[in-house]
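These notes concern the structure reproduced below.
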Amino acid sequence: MKKVLLASACLFALAAPASAADLAARPYTKAPVAVASLYNWTGFYLGIVGGGAWENSSDDPRMQGGFVGGTVGYNWQTSNVVFGIEADGAWADVNASATGLVDFGGALVPTTVSSRIDALGTVRGRIGWLASPSVLLYATGGYAWINNKISVSAPPVLSLSESQFHSGWTVGAGVEAMFAPNWSVKGEYLYRSLGGETYFSGVFPVNTGTLDLHTVQVGVNYHFGGPVVAKY
């Protein structure tokens with residue numbers, strides 16, 4: 001009996017490792033990989049824009065006022081560089097007026113002359129650098145236009161008004177930041193130089209000369225397409 005027990009114990013000891021080897025291996029679960037989100041700036045966008053403008057002139061009074069309108073554009077992103085084209089148009093109330101006495105046939109008549117920009121816009125190229133995945137610093141420049149109206153009022157002697165379209169160029173810089181998927185906010189400075197036009201050519205021609213404006217504007221844009229891509 002003792003020999004039988006010893007033999008059984010030896011067989012059990014030899015069989016145990018083999019049985020353990022037959023057990024299924026414990027499954028290995030890989031730790032999740034952290035995902036870094038990057039904003040993709042490529043694509044169309046639409047937005048609203050508004051701000052203030054003032055005439056670059058030492059004369060007084062100078063035209064000044066505000067404007068509000070819309071923006072449309074397209075971006076191409078290559079690594080940390082973003083190229084784009086943008087157009088905007090806005091309703092405006094940028095104006096100035098002056099009143100003085102004018103001699104009409106020996107009579108001094110109070111006369112008011114006013115100038116008012118009621119619309120303005122640009123078509124510009126943009127090139128920028130991503131300071132971070134969500135913040136774009138950029139320079140911009142291109143075509144600029146305004147619609148301006150000059151009025152002369154000297155009741156009861158005279159009352160005239162005429163609108164002219166002025167074309168020119170603009171250059172500036174800005175910063176734009178994504179604050180939510182598909183949404184960005186921007187701040188921008190533009191210097192606009194508009195060519196002169198002749199008013200009242202049939203009565204007494206008045207040429208405005210070059211009209212230069214400083215504008216500061218802010219805007220909110222909605223970007224179409226997938227704004228976020230996952231990077232592993």
Side-chain angles (χ1 to χ4, degrees), residues 45-76 81-98 112-129 136-152 160-176 184-221:
Y45 60 89
L46 293 173
I48 58 173
V49 65
W54 64 98
E55 187 178 0
N56 181 41
S57 173
S58 58
D59 296 334
D60 192 29
R62 294 180 296 174
M63 286 198 293
Q64 57 185 345
F67 57 90
V68 62
T71 302
V72 59
Y74 190 90
N75 288 323
W76 295 268
V81 178
V82 176
F83 302 90
I85 184 168
E86 181 175 288
D88 58 51
W91 295 276
D93 187 7
V94 181
N95 63 83
S97 64
T112 299
V113 179
S114 63
S115 181
R116 177 176 179 266
I117 298 171
D118 56 20
L120 52 81
T122 67
V123 179
R124 295 175 281 119
R126 301 200 311 170
I127 181 170
W129 177 77
L136 177 67
L137 307 176
Y138 63 90
T140 183
Y143 170 75
W145 62 269
I146 63 169
N147 191 70
N148 187 62
K149 181 178 181 180
I150 292 181
S151 300
V152 180
L160 293 173
S161 65
E162 185 175 344
S163 295
Q164 293 282 359
F165 188 86
H166 297 245
S167 293
W169 55 267
T170 182
V171 65
V175 57
E176 186 171 1
S184 68
V185 61
K186 72 175 182 180
E188 192 171 67
Y189 165 79
L190 294 177
Y191 182 86
R192 311 179 194 224
S193 183
L194 294 311
E197 295 292 338
T198 300
Y199 291 71
F200 314 122
S201 58
V203 184
F204 51 90
V206 176
N207 189 283
T208 61
T210 302
L211 176 61
D212 297 324
L213 295 174
H214 300 280
T215 61
V216 176
Q217 56 196 47
V218 295
V220 177
N221 293 326

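Positions are given from 1, in the same order as the sequence printed here. Keep in mind that what you see is a predicted model, and the values were worked out from it rather than measured.
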Original post:
Under the side-chain hydrogen bond (donor to acceptor under 3.5 Å, both in side chains) criterion, do Asn207 and Tyr199 qualify, and how do the steps go?
Top reply: CA-CA 6 Å; Asn207 189 283; Tyr199 291 71; over 6 Å; no
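- A heavy-atom distance below 4.5 Å is found between the side chains of Asn221 and Glu176.
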**OP:** Go through Asp93 and Arg116 one step at a time and tell me if the side-chain contact (heavy atoms from CB on, under 4.5 Å) criterion holds.
**Re:** CA-CA 7 Å; Asp93 187 7; Arg116 177 176 179 266; 3.1 Å; yes
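- When Glu188, Arg124, Arg126 are each tested for a side-chain hydrogen bond (donor to acceptor under 3.5 Å, both in side chains) with Thr140, only one passes: Arg124.
- Counting all heavy atoms, side chain and backbone alike, Ala53 lies closest to Thr215 at CB-CG2, 3.5 Å.
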**OP:** Start with the C-alpha gap between Tyr143 and Ser167, add the side-chain angles, then the distance that decides, and say whether side-chain hydrogen bond (donor to acceptor under 3.5 Å, both in side chains) holds.
**Re:** CA-CA 8 Å; Tyr143 170 75; Ser167 293; 2.9 Å; yes
**OP:** Could you check Val216 against Trp54 for side-chain contact (heavy atoms from CB on, under 4.5 Å), going step by step and ending with a plain yes or no?
**Re:** CA-CA 9 Å; Val216 176; Trp54 64 98; 3.8 Å; yes
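- Across all non-hydrogen atoms, the minimal contact from Gly66 to Val94 is O-CG2, 3.9 Å.
- Between Leu194 and Gly168, the closest heavy-atom pair is CD1-N, 3.7 Å.
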Subject >> Step-by-step side-chain contact (heavy atoms from CB on, under 4.5 Å) determination, Val152 to Thr112 >> reply: CA-CA 6 Å; Val152 180; Thr112 299; over 6 Å; no
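- Counting only distance, with no hydrogens or angles, the side chain of Glu86 and the backbone of Gly73 share no donor-acceptor pair below 3.5 Å.
- For the atom pair Ile117 CD1 and Ser163 OG, the distance stands at 11.5 Å (nearest 0.5 Å).
- Within 6.0 Å of CH2 on Trp76 lie more than 12 heavy atoms contributed by other residues, nucleotides or ligands.
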Original post:
So Thr208 and Glu197, side-chain hydrogen bond (donor to acceptor under 3.5 Å, both in side chains) or not? Walk me through it.
Top reply: CA-CA 6 Å; Thr208 61; Glu197 295 292 338; over 6 Å; no
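- The heavy-atom pair separating Tyr45 from Ile85 by the smallest distance is OH-O, 4.1 Å.
- Ion pairing between Asp118 and Lys149 fails under the 4.0 Å rule for side-chain N and carboxylate O.
- Using a 4.5 Å heavy-atom threshold, the side chains of Trp169 and Tyr191 count as touching.
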Subject >> CA sep, side-chain torsions, deciding dist, call: Gln217, Tyr189, side-chain hydrogen bond (donor to acceptor under 3.5 Å, both in side chains) >> reply: CA-CA 7 Å; Gln217 56 196 47; Tyr189 165 79; over 6 Å; no
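- Here the closest heavy-atom approach between residue Ser115 and residue Ile150 is recorded as OG-CG1, 4.0 Å.
- In this structure, Phe165 has its ring center closer than 6.0 angstrom to the ring center of Trp145.
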Subject >> Residue pair Phe200, Leu160: steps toward the side-chain contact (heavy atoms from CB on, under 4.5 Å) verdict >> reply: CA-CA 8 Å; Phe200 314 122; Leu160 293 173; 3.8 Å; yes
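- Annotation for Thr170 and Ala144: closest pair CB-CB, 3.9 Å, computed over non-hydrogen atoms.
- Here Arg192 does not pair with Glu55 in a salt bridge; the nearest charged N to carboxylate O distance is not below 4.0 Å.
- Of the residues Val123, Thr71, Leu120, the one that meets the side chain to side chain contact (heavy atoms under 4.5 Å, CB included) test with Asp88 is Thr71.
- Between the CD atom of Gln164 and the CG atom of Leu211 there is a distance of 13.0 Å, given to the nearest 0.5 Å.
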